[in-house]
Amino acid sequence: MIKITLPDGSVRDYQKGTTAMQIAQSISEGLARNVLAAKVNNETWDASRPINSDSTLSLLTWNDELGKETLWHSSAHLMAEALEALYPGVKFWVGPPLENGFYYDVDLNGHTLSPADFEKIEQKMLELARQNNVYVRKEISKQDAIAYFKDKGDEYKLDLLERLEDGNITLYTQGNFTDLCRGPHIPNTGFIKAAKILNVAGAYWKGDEKNKMLTRVYGITFPKDKELKEYLVLLEEAKKRDHRKLGKELELFTFSERVGMGLPLWLPKGAALRERLINFMQKSQLKAGYLQVATPHIGHKALYVTSGHYEKYGKDSFQPIKTPQDGEEFLLKPMNCPHHCEIYKSSPRSYKDLPLRLAEFGTVYRYEQHGELHGLTRVRGFTQDDAHLFCRPDQVKEEFIKVIDLVLHVFNALDFKDYTAQISLRDKEDRSKYIGSEENWEKAENAIIEAAKEKGLKTVTEYGEAAFYGPKLDFMVKDALGRQWQLGTIQVDYNLPERFELEYMGSDNQKHRPVMIHRAPFGSLERFIAVLIEHCGGKFPLWLTPDQFAVLPISEKYNEYAQNVLETLSGMELRGFVDDRNEKIGKKIRDQELKKIPFMLIVGEKEEAEQKVSARVHGKGDIGEFSLTDFASHVNKLIENDFNQKLNQ
RNA sequence: GCCGAAGUAGCUCAGCUGGUAGAGCAGCUGAUUUGUAAUCAGCUGGUCGGGGGUUCGAGUCCCUUCUUCGGCUCCA
């Protein structure tokens, strides 16, 4: 007999070799019907795998992340089986589960796949699923595994096998499909009741652009058809929040082929929103002891040779601009730090001057590959809320922590709760990608790790994500469709001060080298606004929104009063406009609702007589009559409360 | 840059197997003077992304190029 400890702490005795599924059955039939996999001593196992020793056990269902993961992983196998049935000769690389669904990388062996084929694949998957085929686990010797895939002619699996240790190799078979796989899997294909192929895309084999491109087929499955329908509705809703769509609808920004791809043009409403964000940041920075500087859009090539950027990115940047007569080379600035280093150098610095915090909303230009451009989130010209802090080595941690506070202040003010703090360190394998001494990197990486720890940030650590001159703490936020983007970034840098030979006079009357911290809470204003738009679905916070109100006269007879209302409210620092089109009030309301204007102020005979407005809230409806001063204080109070509430969290 | 898909009026889209472009909204003009999510009528508007080709004839077929979309690679 073995002792099985369940999550509630209870201990039960079972026969040696009992499976999680049998244990589930012993608890309740209903539970057994929903068990997808099991966690045995903290390892995820097949529910059908015999347990041979005392263990802790939790049963995984669709409600567990790991349960979902297992179902989707098994679904990838099911899709592979369907693909193999439909397209003979396809070869398989890997097919992992994702946060939402799964994919499989396949070599279609000359076949092509397009959205028109999706339904066929879905149908095949469901047909196979209905066969309730069991996922059979089989431990196999490396030799036999190699023989199997050699016979099948699947060189990708052979490549995978090369790196696996003998004695640790398992195959899973369901129906007619056998895959090299660590598992675990759901008990049988019958758990998969709904399937949707989402899209296909190319993906380099092993993620290396020198390799062949495989076809990545994305899909998602559910244990109930209803859940698939709900998911598809959710996807549609998410698409409505896409900043590219809303940016057009709300007249925030546009692009022009003639101006050039990836070069956003800010329309008046978008520019106003941008300005407001800049003001907000400037105020926050002023309080935090920053000094505003301004530098030009180009810099001499020598500047970037010094910084190391030229060597690292010279080929992949916009190429130098030459002066007509002496052929001097200038680069569009891809970042502000070299300019700021020169500002630092413009005068001798004392230890008493530090930290020196130089801030600039600097517009920078980077050559992004054609296929990379994406709305406002990936562009070729963008504005950073950049600043560089020059400090003494003993100030690094404190300064770093202050910057974290500033970033969190900004995220809080804009209600960004769902972010990931990512510590981006060097590639463990390849150090050739970075400049600077081992010692400096050690110091910089430790500074970040310690500061993040001290602030109690929940972090994930990614190796190979550091900048070439230093490690970073990046704040990642997801867009409407779940794609993750880097917004805020903080970087500790011991290298640029060395390259620019930055110095300060210490209390010991000796020259010392300062440490630099690069930081940008928004990161890029363009990207930040993109994520902000998706985050609030175009319904911006009142303090930020381009137009806070629209005055809607009932008929043209009240246009003049409407103008007076606008002027009065504008005088009270509120923003809005008059909709004096020759339209009925219902039409005006509808249009301004669609434009997501927070307040609609309806004025007619009664309002004019009483010198009032009838206010209506976006998405809610009529909230009654206000005098103009009452309305202004109502709005200001809402803004104030909103801020206090958020910033006190 | 790579793989795949798409590009028709300012916007959203229709246009079957090739027979000389169509709707709604927006815009303009007029009527209406309106009370809480679309007043009515008329009009304007497109070298169907660009270039080349096949054909008697191309939005539709072929080639090429640009842009956009979904990913991959990259991201100072």
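For the segment residues 424-435 of chain A, the set of residues with a heavy atom within less than 4.0 Å of an atom of RNA chain B is empty. Taking every heavy atom of residues 472-487 of chain A and every atom of RNA chain B, pairs under 4.0 Å involve K472(A), R483(A), by number. Looking at residues 334-344 of chain A, you'll see P334(A), M335(A) sit with a heavy atom under 4.0 Å from some atom of RNA chain B.
H518(A) has its ring centre less than 6.0 Å from the ring centre of Y469(A). Side-chain rings of F599(A) and F631(A) approach one another, their centers coming within less than 6.0 Å. Ring pair Y434(A)/F468(A): centre-to-centre distance not below 6.0 Å.
A203(A) comes within 4.0 angstrom of the backbone, heavy atoms only, and of no base. Nucleic acid contact for H374(A): sugar-phosphate only, since backbone atoms but no base atoms lie under 4.0 Å from a heavy atom of the residue. Nucleic acid contact class of Y469(A) (heavy atoms, under 4.0 Å, all strands): sugar-phosphate only. Among the atoms of the strands shown, none is found under 4.0 Å from any heavy atom of S307(A).
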**Request:** For each nucleotide in nucleotides 34-51 of chain B, reading 5' to 3', give B when a protein heavy atom comes within less than 4.0 Å of its base, S when such contact involves only the sugar-phosphate, and - otherwise.
**Result:** BBBBBB------------

**Request:** Go along nucleotides 62-68 of chain B 5' to 3' and tag each nucleotide: B for a protein heavy atom under 4.0 Å from its base, S when only backbone or sugar atoms are that close, - otherwise.
**Result:** ----SSS

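Toward the 5′ end of RNA chain B lies the nearest nucleotide of T215(A), the other residue of the pair T215(A) and K245(A) mapping further downstream.
Counting heavy atoms from C-beta outward, I197(A) and M79(A) have side chains that approach closer than 4.5 Å.
When each of rG70(B), rA76(B), rG71(B) is scored by its nearest atom to the side-chain atoms of N199(A), the top-ranked nucleotide is rG70(B).
The aromatic ring of Y313(A) stacks onto the base of rA76(B), its centre lying under 5.5 Å from the centre of the six-membered base ring with the two planes under 30° apart.
Other residues, nucleotides and ligands contribute at most 12 non-hydrogen atoms within 6.0 Å of the CD atom of E560(A).
Looking at R378(A), its side chain comes within 3.5 Å of the base of rC74(B) through a donor and an acceptor atom.
Within the structure, the side-chain hydrogen bond (donor to acceptor under 3.5 Å, both in side chains) test picks out the following pairs touching residues 308-317 of chain A (sequence neighbours left out): S307(A)-H309(A).
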